[in-house]
S.K.: 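Structure below; questions to follow.
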Amino acid sequence: MKAVFLDYESLDKNDLDFSQLNAAFDELVLYPSTTTEQVLARVAHADVVISNKVLINAETIAQSKHLKLILISATGTNNVDLDAAKSKGIVVCNCQGYGTSAVAQHTLTLMLALATSLLKYDGAVKNGEWNKSPIFCLLDFPIVELSGKTLGIIGYGELGQAVAKLAEAFAMKVVVGALPSRPQHEERIAFAELLPQVDFLSLHCPLTDETRDLIDAQALDSMKKSAFLINCARGGIVNEQALADALRQGKIAGAAIDVLSVEPPTQGNVLLAEDIPNLIITPHSAWGSVDARQRIVNQMLENFEAFQQGKAIRQVNH
């Protein structure tokens with residue numbers, strides 16, 4: 001069985017163990033990255049194709065005579081034409097749940113950074129402000145305790161629940177919100193009712209037509225001026241211009257995000273402006289712990305071995 005990994009640099013930073021995955025194939029060719037023009041030639045003789053973000057479209061699938069299995073080294077499947085693969089009997093498997101601990105940890109990291117004005121204090125020390133203090137400490141920026149504060153969560157799957165568990169360890173009150181189109185019930189607070197009562201709002205829902213621009217100007221206006229927004233889900237869930245305006249106008253206290261609507265932001269982004277106060281941006285790195293990325297490698301091995309036994313797991317194109 002010959003395999004190719006089209007964009008392994010999106011996963012491996014020379015810190016992962018590929019030995020067992022490599023041993024599973026007769027041949028495994030690792031390409032750091034692959035352009036659209038290079039795809040067909042690189043998959044032409046492969047039985048198994050591994051891709052993180054490289055597009056495997058209907059044309060590629062139709063012309064790949066040996067292809068039997070596509071392994072997606074991520075959860076999202078939008079880079080593979082699932083119907084085209086199914087029509088040719090090609091199994092497609094993804095990876096699931098590998099980054100829960102990493103993303104939950106990153107979410108709390110962002111919350112704590114905002115609550116403690118961490119980056120502001122770090123900058124003040126490095127700029128020599130502490131040296132000038134007339135007292136032993138520097139308390140120029142607000143510090144908020146998480147204890148007793150209300151965390152609202154939108155998206156209460158495995159990840160949302162993991163964040164809730166960590167938040168409860170900080171003695172926070174956790175409330176779960178329903179999407180606007182969903183009815184309020186015993187375990188979900190109506191979206192419009194949730195926004196005014198939270199001190200922190202954390203997003204963990206997928207990006208769909210329903211959730212696109214979910215956090216718009218109206219939603220931000222509904223939040224407390226002392227509230228913080230955390231987005232480690234998808235960029236399009238938050239209207240970026242509305243968030244930039246809200247932060248400039250002091251409508252909320254701050255925001256921390258790990259995602260943008262277009263990644264990487266090669267053409268810029270309104271949230272990258274230097275005059276937006278109390279905004280922390282990380283480069284879609286919440287998922288990227290060594291442990292999480294190694295789980296992806298391990299799951300791909302599991303997926304391949306199960307496929308060979310005729311018992312495909314994590315298949316996404318039944």
S.K.: To the nearest 0.5 Å, how far apart are CG in L11 and CE in M300?
M.R.: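 Going from the CG atom of L11 to the CE atom of M300 covers 5.5 Å.
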S.K.: Less than 4.5 Å apart, side chain to side chain, heavy atoms only: is that true for V174 and I153?
M.R.: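 With C-beta onward as the side chain, the pair touches.
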S.K.: Are any of the side-chain nitrogens in D15 or R293 under 4.0 Å away from the carboxylate oxygens of its partner?
M.R.: yes
S.K.: Is the closest side-chain heavy-atom distance between L71 and F307 below 4.5 Å?
M.R.: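 No; the side chains remain at least 4.5 Å from each other.
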S.K.: Can you find a side-chain donor-acceptor pair between Q299 and N303 that sits under 3.5 Å?
M.R.: no
S.K.: Verify whether one side chain among N317 and Q315 offers a donor that lies under 3.5 Å from an acceptor in the other.
M.R.: yes
S.K.: Just to verify, what does E305 make a side chain to side chain donor-acceptor pair (under 3.5 Å) with, not counting sequence neighbours?
M.R.: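 Applying side chain to side chain donor-acceptor pair (under 3.5 Å) to E305 gives none.
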S.K.: Between Q309 and K311, do the side chains contain an N or O donor and an N or O acceptor separated by less than 3.5 Å?
M.R.: no
S.K.: So, S51 versus N79: side-chain donor-acceptor pair below 3.5 Å or not?
M.R.: yes
S.K.: Which value, rounded to the nearest 0.5 Å, describes the distance between L301 atom CG and I296 atom CD1?
M.R.: 14.0 Å
S.K.: Should the pair H45 and H66 be assigned to parallel (<30°), tilted (30 to 60°) or perpendicular (>60°) ring geometry?
M.R.: tilted
S.K.: Is V103 reachable from I257 through a run of hydrophobic residues whose side-chain heavy atoms are each under 4.5 Å from the next?
M.R.: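 Not linked; separate clusters.
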S.K.: Is any NZ, NE, NH1 or NH2 atom of the basic residue among E129 and K132 found under 4.0 Å from an Asp or Glu carboxylate oxygen of the other?
M.R.: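 A salt bridge links E129 with K132.
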S.K.: Do you see a donor-acceptor pair shorter than 3.5 Å between the side chains of T60 and N57?
M.R.: yes
S.K.: When rounded to the nearest 0.5 angstrom, what distance separates CG in L112 from OG in S117?
M.R.: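 Rounded to the nearest 0.5 Å, the CG-OG separation comes to 12.0 Å.
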S.K.: Do S261 and N269 touch side chain to side chain, with heavy atoms closer than 4.5 Å?
M.R.: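 Contact flag for S261/N269 side chains = yes.
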S.K.: D258: what forms a side chain to side chain donor-acceptor pair (under 3.5 Å) with it, not counting sequence neighbours?
M.R.: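 Counting only residues at least two positions away or on another chain, D258 forms a side chain to side chain donor-acceptor pair (under 3.5 Å) with T282.
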S.K.: Parallel, tilted or perpendicular: which describes the rings of F200 and F228, with under 30° parallel and over 60° perpendicular?
M.R.: parallel
